[in-house]
Amino acid sequence: TPSMRRKGVAKAALGQLFALMRQRGFGTVQVHIAPGNAASIALHASLGFAQTSKDDIQITMHKKL
């Protein structure tokens, strides 16, 4: 909901997810984001994701855990 935006909820949830993924042996995370979703792109970049490809449909970003 709009009232929950920009309060750090997504960043905190993803941090917990990454910790669980590390515990389970994952080494990397890959996301696909619509090019027009600037908020999601910015969030993932702030979490250490790097863009690895882009086309008209999606931006692909990776992060080492």
Side-chain angles (χ1 to χ4, degrees):
T1 67
S3 66
M4 295 303 295
R5 290 184 185 148
R6 309 220 25 103
K7 296 191 187 276
V9 175
K11 190 175 272 194
L14 287 171
Q16 290 182 356
L17 174 62
F18 298 155
L20 179 62
M21 291 176 74
R22 280 190 295 275
Q23 290 173 1
R24 294 190 179 188
F26 288 89
T28 60
V29 179
Q30 174 178 302
V31 295
H32 302 280
I33 303 168
N37 191 341
S40 184
I41 295 165
L43 169 66
H44 286 85
S46 77
L47 292 169
F49 281 79
Q51 181 177 317
T52 54
S53 67
K54 179 180 180 181
D55 60 31
D56 293 339
I57 298 171
Q58 66 186 10
I59 293 172
T60 301
M61 300 177 85
H62 286 88
K63 172 185 173 67
K64 289 186 179 181
L65 295 173

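Among all heavy-atom pairs drawn from Arg22 and Leu65, the shortest one is CD-O, 3.2 Å. Nearest heavy atom pair, residue Ile59 against residue Pro35, reads CD1-CA, 3.8 Å. Listed here is the closest heavy atom pair of Met61 and Ile33: SD-CD1, 3.8 Å. The nearest pair of heavy atoms linking Leu47 to Lys11 is CD2-CG, 3.5 Å.
Ring orientation note: the planes of His44 and Phe49 are nearly perpendicular, at an angle over 60° on the 30°/60° scale.
At least one side-chain heavy atom of Leu43 sits less than 4.5 Å from a side-chain heavy atom of Leu14.
Using a distance-only test at 3.5 Å, with no hydrogens or angles considered, a donor-acceptor pair links the side chain of Thr52 to the main chain of Thr60.
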